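Contents: one structure, followed by commentary.
Per chain, numbering begins at 1; letters A, B, ... match sequence-line order. Source: prediction; values computed, not measured.
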Amino acid sequence: MTPETLAEKVLSATRAAFEALGLDAAALPAVTAVERPRNPEHGDYASTIALQVAKKVGANPRTLAQEIAGRLADVDGVAAVDIAGPGFMNITLDAASAGEIARQIAAAGTAYGYNDSMEGRHVNLEFVSANPTGPVHAGGTRWAAVGDALARIMRASGAKVISEYYFNDAGAQIDRFAASLLASAKGEPAPDDGYGGAYIDEIAQKVLERQPGALESDDPREVFRVEGVDLMFAEIKATLTDFGTHFDVYFNEKDLHDKGELDVAVERLAGQGHVFEADGATWLRTTEFGDDKDRVIKRSDGSWTYFAADCAYYLDKRERGFDKLVLMLGADHHGYIGRMQAMSRAFGDEPGTLEILIGQMVNLLRDGKPVRMSKRAGTVVTLNDIVDAIGIDATRYALTRFSADSSIDLDIELWTKHGNDNPVYYVQYAHARIAGVLRNAAELEIDKGDAYDASLLSHPRENDLLKALAEFPSVVASAAELREPHRIARYAEDLAGAYHRFYTDCRVLPRAGEEFSETGRARLWLVDATRVVLANALGLLGVTAPERM
RNA sequence: GCGCCAGUAGCUCAGCUGGAUAGAGCACCGGACUUCUAAUCCGACGGUCGCAGGUUCGAAUCCUGCCUGGCGCGCCA
């Protein structure tokens with residue numbers, strides 16, 4: 001029995017108890033969940049539903065719990081229900097019922113963990129969106145890992161997700177980039193407001209290779225702009241692809257301008273009555289929707305602001321049919337939330353249509369001190385710097401295992417260590433150990449067969465492992481719902497620990513001279529199920545599940 | 001000044017949509033290798049959950065105020 005099924009049984013038993021006691025069923029929640037208690041004395045699963053609803057209907061929680069427990073105990077697969085404390089229900093499952101999960105996992109395979117919690121949602125997920133004026137930096141790297149993982153997790157929860165990168169290829173920063181390239185090509189120092197770093201020289205040289213006459217052309221700066229942006233963006237794309245982060249759409253800001261979408265967006269906003277003129281500029285009255293000041297969309301010199309393009313881009317996404325727009329930004333951009341949310345409301349959208357996630361800062365540490373210098377990019381730490389230091393798997397895992405609300409100090413020494421203290425190795429090693437057992441089984445010509453006796457999985461370590469396995473779909477669903485990929489990583493660590501402990505205490509394959517027992521067979525099903533779930537969990541994070549280490 | 005994030009074991013962090021004795025890894029101490037991979041496991045040690053109030057059967061979790069650290073507050077992007 002899965003926790004989800006059990007929770008449904010708890011709810012229906014509660015409904016029946018309410019009826020028997022003549023209580024108002026309207027006080028019942030639509031769904032409930034069971035917990036996995038840490039204390040083994042509290043059974044396999046625990047429910048607090050009696051405590052939650054008793055007060056609403058003026059009932060005694062313990063009495064109510066008794067009524068529910070009596071009905072729940074009759075459910076097939078439930079071995080015992082105990083009442084504890086003020087009204088906790090501690091539920092113990094039959095070993096056979098608990099052991100069923102291994103069969104379900106084997107049947108579902110790579111689809112195990114998939115759920116329908118976001119079925120029908122059409123989500124646009126935008127992340128990284130770094131300017132093509134330099135390599136992807138540390139903050140962008142965090143989103144490259146977390147955003148990609150979130151896309152996978154939401155897809156596994158039934159959502160239709162388009163991952164998208166917004167390419168700011170219009171505006172002043174691009175002009176500065178072009179000027180910096182041109183200066184480099186001429187052998188001049190970078191302009192005061194330009195970009196520095198060895199990559200500028202590299203790109204400038206590549207532009208000259210492509211266009212040997214660039215400096216003599218009518219508009220050298222335009223040549224450097226077009227070619228430089230193209231080269232920089234190709235490099236960013238290649239970096240992200242190598243990192244394993246896939247984007248369905250690379251969207252060009254320039255297209256919005258070329259198609260006149262900014263005007264359309266402003267007209268739309270004006271039609272809603274939220275646009276006004278002041279001091280020669282055109283403004284959006286974002287204060288009407290909670291922003292702390294109104295925002296300029298067209299400057300007094302007639303040029304568009306960055307925010308105007310944001311409005312057009314937002315409208316473009318909405319018109320492509322997405323009902324949920326998720327935008328992932330670095331903490332240094334959190335000041336954007338107010339105006340963006342206000343703009344969404346100004347278009348007439350419901351609160352929650354636009355969702356902005358903020359990721360705190362990432363620092364790379366060596367010997368406990370921040371790494372600041374990058375050979376190529378000057379002062380910033382780039383995605384490639386991090387990957388060069390600790391590798392792709394460790395980078396992705398390290399960046400996804402923490403809540404986006406926490407800033408991260410990435411310690412190079414820790415993340416390259418081969419041991420317990422390095423979580424990515426801990427999890428991957430569990431998978432590799434399993435792969436080893438499965439290889440040995442094949443060597444011995446042992447097959448898990450078509451069936452096993454689930455009641456033989458009664459060892460406490462087996463029970464713990466089964467419960468951990470059963471939890472996976474709800475972990476995926478909550479990671480999707482809360483937009484928190486780190487829950488997958490923490491779960492993977494929990495599962496890996498449960499496996500390592502099982503492995504220490506429970507022999508699977510026969511020793512020399514022994515026959516393959518039915519217990520061994522049941523355990524082989526359990527081992528195989530664990531391999532599937534570890535691989536699926538790591539897969540959702542974009543981290544490899546190695547066969548050998 | 002205003003806003004966002006964080007403050008939980010010596011360290012790095014989970015837990016935060018209210019539940020039982022607040023968890024994990026590391027560090028330190030003591031154990032388990034003729035290994036189905038010891039990159040593992042077991043035990044011990046370790047806590048005023050930043051501080052002070054409040055809400056209630058129950059608060060790390062919710063509310064208010066304060067303290068500390070990070071980030072932000074342009075007709076820049």
Side-chain angles (χ1 to χ4, degrees), chain A residues 35 37-39 41-42 46-48 51-52 54-55 61 84-88 90 131 133 168 170-174 176 193 278-283 292-293 295-307 309-310 330-338 356 358-361 363 368 401-409 411 414 417-430 432-441 443-444 446 461 478 481-482 486-487 489-491 493-494 496-497 499-512 520 523-524 527 548-549:
Chain A
E35 299 170 14
R38 203 163 289 278
N39 186 339
E41 288 172 19
H42 296 153
S47 169
T48 58
L51 288 167
Q52 285 165 19
K55 186 163 54 173
F88 294 100
N90 296 327
N131 289 339
T133 52
N168 298 115
Q173 81 282 11
I174 292 292
R176 288 199 278 272
D193 59 352
D279 304 328
T282 306
W283 302 66
D292 46 11
K293 58 191 74 164
R295 305 293 171 176
V296 172
I297 43 186
K298 190 180 249 183
R299 300 185 188 95
S300 48
D301 67 1
S303 62
W304 294 109
T305 61
Y306 180 87
F307 182 55
D310 282 337
D332 52 345
H333 284 78
H334 78 256
Y336 268 58
I337 295 175
I356 300 177
I358 296 298
Q360 297 298 315
M361 299 297 171
N363 299 304
R401 89 181 279 266
F402 300 106
S403 160
D405 289 339
S406 297
S407 58
I408 297 179
D409 289 330
D411 187 306
L414 168 69
K417 216 182 260 183
H418 290 192
N420 250 4
D421 37 349
N422 183 343
V424 69
Y425 278 96
Y426 184 79
V427 175
Q428 289 185 315
Y429 180 55
R433 265 184 144 182
I434 291 172
V437 171
L438 298 178
R439 274 196 302 275
N440 292 337
E443 189 96 350
L444 295 168
I446 286 172
R461 297 301 198 203
S478 67
E481 183 197 339
L482 299 170
H486 76 273
R487 288 170 184 273
R490 300 295 171 158
Y491 167 80
E493 290 166 31
D494 187 45
Y499 179 75
H500 286 310
R501 289 185 288 276
F502 156 82
Y503 182 87
T504 300
D505 289 353
C506 300
R507 178 83 194 185
V508 179
L509 299 176
R511 296 168 198 276
R523 285 174 177 172
L524 197 51
V527 167
R548 297 171 196 273
M549 288 173 74

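Looking at which nucleotide of RNA chain B each of A:Gly497 and A:Arg299 is closest to, the 5′-most match is held by A:Gly497. Both A:Asn90 and A:Val437 sit near RNA chain B, but only A:Asn90 has its closest nucleotide nearer the 5' end.
Nucleotide B:A22: unpaired (no Watson-Crick or G-U wobble partner with both distances less than 3.5 Å). Look at B:A44: it lacks any Watson-Crick or wobble partner with both distances under 3.5 angstrom. The partner of B:C76, taking Watson-Crick or G-U wobble pairs whose two distances both stay under 3.5 Å, does not exist in any strand shown.
When distances run from any side-chain atom of A:Pro86 to the nucleotides B:G70, B:C75, B:G19, the shortest one goes to B:G19. Among the nucleotides B:G19, B:A39, B:C75, the one closest to the side chain of A:Ala281 is B:C75. Checking B:A77, B:G3, B:C75 against the side-chain heavy atoms of A:Trp283 singles out B:C75 as nearest. In this structure, the nucleotide among B:C13, B:G19, B:G70 sitting nearest to the side chain of A:Phe88 is B:G19. Closest to the side chain of A:Ala46, out of B:A20, B:C75, B:C71, is B:A20. Listed candidates were B:G72, B:G19, B:C42. Nearest to the side chain of A:His334 is B:G72. Across B:G70, B:G19, B:C41, the shortest atom-to-atom separation from the side chain of A:Gln360 is found for B:G70. For A:Ser403, counting side-chain heavy atoms from C-beta on, the closest listed nucleotide (B:A77, B:A14, B:G19) is B:A14.
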- Query: After noting the C-alpha distance and the side-chain angles of A:Ser303 and A:Asp301, does the key distance pass the side chain to side chain donor-acceptor pair (under 3.5 Å) rule?
  - Reply: CA-CA 6 Å; A:Ser303 62; A:Asp301 67 1; 2.6 Å; yes

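For A:Lys293 and B:G72, the NZ to C1' distance is 11 Å, given to the nearest whole Å. Distance, A:Asp332 CG to B:G70 P: 15 Å, rounded to whole Å.
At the heavy-atom level, A:Ile358 lies nowhere under 4.0 Å from the strands shown.
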